[in-house]
Amino acid sequence: MASGTTLNVVNWVGAGLSTVVLALRAWTRVFIVRSIGLDDLFMLLSLLASLAAAGLITASVHYGLGSQTTGTLLASKYSFLSGIPVLTAQACGRVSFAFTLLSVMGTTPAKQWFLYTVIAFQFIWLVLVLALSYGLCGPLAAFWDSSLVEAQECLTRYHVVVVDRWNYFQTGLTEPTESTRSLALIYYSQLGMLPRTSPLPCFRRLIYMAPSPCVCN
């Protein structure tokens, strides 16, 4: 396990850089483009969730996480609960990117429906993961308080359902999905259904979200 200092440095350096990038993007969207979209909102939600996760990790470090001695009950509690904002931040980041693609590439009903389906899937996936990760046991404190009667049964159930089954399912689902997405990109590019773009105009399009489409030679 990384030391408490390392955990804090990694968390807050990353959070600081993300805050600076989002602030620059917000300034650009408000004062230059003069347009704010749903992608900006979900990017902000992702950042807030990341800051909440960093705060929980810092609290757990304060109570002994990453130290040479055994961490306290509060350290285990805050470390365990930090997974909720982490998962939320990841989902909001993916939804933000999907809305960005929707504004850039969603020029046909088929593309729009596809991206809206991806967005809906992210919300469903987030609820499912949170339910599996945090809803298996009651009370929730059984995850970090070994003195509770339900603790052993809770950990056993978590290991069987999440570690042994769900993680294998995620791996089995993710790898074919990534391969299918790559093949689909190649296929559609060959058919001319994806925009042929040069890097600079598209980069400006993604950052500034200007009204004009990303069209290149």
* Should the ring pair Phe31 and Trp27 be called parallel, tilted or perpendicular, given that the plane angle runs from 0 to 90° and is split at 30 and 60? -> tilted

* Asked: When rounded to the nearest 0.5 angstrom, what is the spacing between CD1 in Ile36 and CZ in Arg25?
  -> 10.0 Å

* If Ile, Leu, Val, Met, Phe, Trp and Tyr residues are connected whenever their side-chain heavy atoms lie under 4.5 Å apart, and connections chain through other members, are Phe97 and Phe114 in the same group? -> yes

* To do: Output all residues satisfying side chain to side chain contact (heavy atoms under 4.5 Å, CB included) with Ala59, sequence neighbours left out; order by chain, then residue number.
  => Tyr78

* Might you point out which heavy atoms bring Cys92 and Leu45 nearest each other, and give the distance in Å? => SG-CB, 4.0 Å

* Working to the nearest 0.5 Å, report the span between CG of Leu81 and CG of Leu56. => 6.5 Å

* To do: List for me each residue that meets side chain to side chain contact (heavy atoms under 4.5 Å, CB included) alongside Ala91, sequence neighbours excluded, and say none if there are none.
  => Leu126

* Smallest separation among heavy atoms of Ala49 and Pro85, with atom names -> O-CB, 3.2 Å

* Structure fact -> The side chain to side chain donor-acceptor pair (under 3.5 Å) partners of Asn8 (sequence neighbours excluded) come to Thr58

* Fellow cluster residues of Leu17, listed by chain then number, with links counted only when side-chain atoms sit under 4.5 Å apart -> Val9, Val13

* Structure fact -> In short, side chain to side chain donor-acceptor pair (under 3.5 Å) pairs touching residues 79-94 with sequence neighbours left out are none

* **Nearest heavy atoms of Val86 and Ala53, plus distance in Å** => CG2-CB, 3.6 Å

* Asked: Should side-chain heavy atoms under 4.5 Å link Ile, Leu, Val, Met, Phe, Trp and Tyr, which residues sit in the same cluster as Val149?
  -> none

* Taking ring pair (Phe, Tyr, Trp, His ring centres under 6.0 Å) as the test, write out the residues that go with Phe42, two or more places apart. => Phe99, Phe123

* side chain to side chain contact (heavy atoms under 4.5 Å, CB included) with Phe80: which residues, sequence neighbours excluded? -> Tyr134, Leu140, Phe143, Trp144

* Asked: Which ILVMFWY residues are connected to Leu22, directly or by a chain of links, through side-chain heavy atoms under 4.5 Å apart?
  -> Trp12, Met43, Leu44, Leu47, Leu48, Leu51

* **Rounded distance [0.5 Å steps], OG in Ser96 versus CG in Leu38** => 9.5 Å

* Structure fact -> Heavy-atom nearest pair, Ala54 first then Asn11, reads CB-CB, 4.1 Å

* To do: With rounding to the nearest 0.5 Å, note down the distance linking OG in Ser147 to CG in Leu73.
  => 7.0 Å

